[in-house]
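What you see below is based on every heavy atom in this structure, not just the backbone, and it leaves out hydrogens, waters and symmetry mates.
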Amino acid sequence: MGSSLKNAQFLIDSRLADAALGDMDAFYDLGMVYSSGAAGIDVDLIEAHKWFNLAAVAGSEAAQACRSEIAEDMTAREIAEAQKAARAWLHLTSRRAA
């Protein structure tokens with residue numbers, strides 16, 4: 001695995017760990033990574049929308065704006081898939097906390 005791929009995976013892993021703890025900034029950062037293809041990660045608007053949605057629900061106005069912006073480039077089916085993934089994440093992490 002190349003150095004940039006290792007760095008990208010480290011970024012994702014560390015932010016996922018923080019996201020599992022409910023860190024709004026981690027949600028937002030993951031949205032930015034997936035929406036922009038930062039750190040060598042492929043652009044994935046469904047995944048980006050999911051993370052921006054989670055950050056928006058947690059109160060991030062910047063995430064609300066980003067979610068709206070990328071939604072313009074998504075189909076209704078893709079948005080529904082992203083929303084379903086956000087609900088699944090919330091369900092999974094709330095079960096871990098219980």
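Remark: Asp13 pairs with Gln9 by the side chain to side chain donor-acceptor pair (under 3.5 Å) rule, at least two apart or across chains. Qualifying side-chain contact (heavy atoms from CB on, under 4.5 Å) partners for Ala62, counting only residues two or more places apart in sequence or in other chains: Tyr28, Ser60.
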Sequence neighbours left out, cut at 3.5 Å: what donor-acceptor pairs do the side chains of residues 50-57 make with other protein atoms?
from: Lys50; atom 1: NZ; to: Glu47; atom 2: OE2; distance (Å): 3.0
from: Trp51; atom 1: NE1; to: Glu47; atom 2: OE2; distance (Å): 3.0
from: Asn53; atom 1: OD1; to: Arg67; atom 2: NH1; distance (Å): 2.6

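Each salt bridge (Lys or Arg N to Asp or Glu O under 4.0 Å) pair with one or both residues in residues 78-94, not counting sequence neighbours, would appear here, but there are none. Applying the salt bridge (Lys or Arg N to Asp or Glu O under 4.0 Å) test to residues at least two apart or on different chains, the pairs with a partner in residues 21-41 are Arg15-Asp29.
Cluster membership for Phe27 and Ile46, using ILVMFWY side-chain heavy atoms within less than 4.5 angstrom, is not shared. Hydrophobic clustering (side-chain heavy atoms under 4.5 Å, transitive across Ile, Leu, Val, Met, Phe, Trp, Tyr) keeps Met24 apart from Leu90. Cluster membership for Trp89 and Leu30, using ILVMFWY side-chain heavy atoms within less than 4.5 angstrom, is shared.
Within the 4.5 Å cutoff, side-chain heavy atoms of Tyr34 are placed close to those of Ile41.
Around the CD atom of Glu69, the shell of radius 6.0 Å holds no more than 12 heavy atoms that belong to other residues, nucleotides or ligands.
Closest approach of Ala26 to Asp18, counting heavy atoms only: CB-CB, 3.6 Å. Heavy atoms only, all atoms of each residue included: Ile70 and Ser35 are closest at CG2-CB, 4.2 Å.
Separation of atoms OG (Ser68) and NE2 (His49) is listed at 7.5 Å; rounding is to 0.5 Å.
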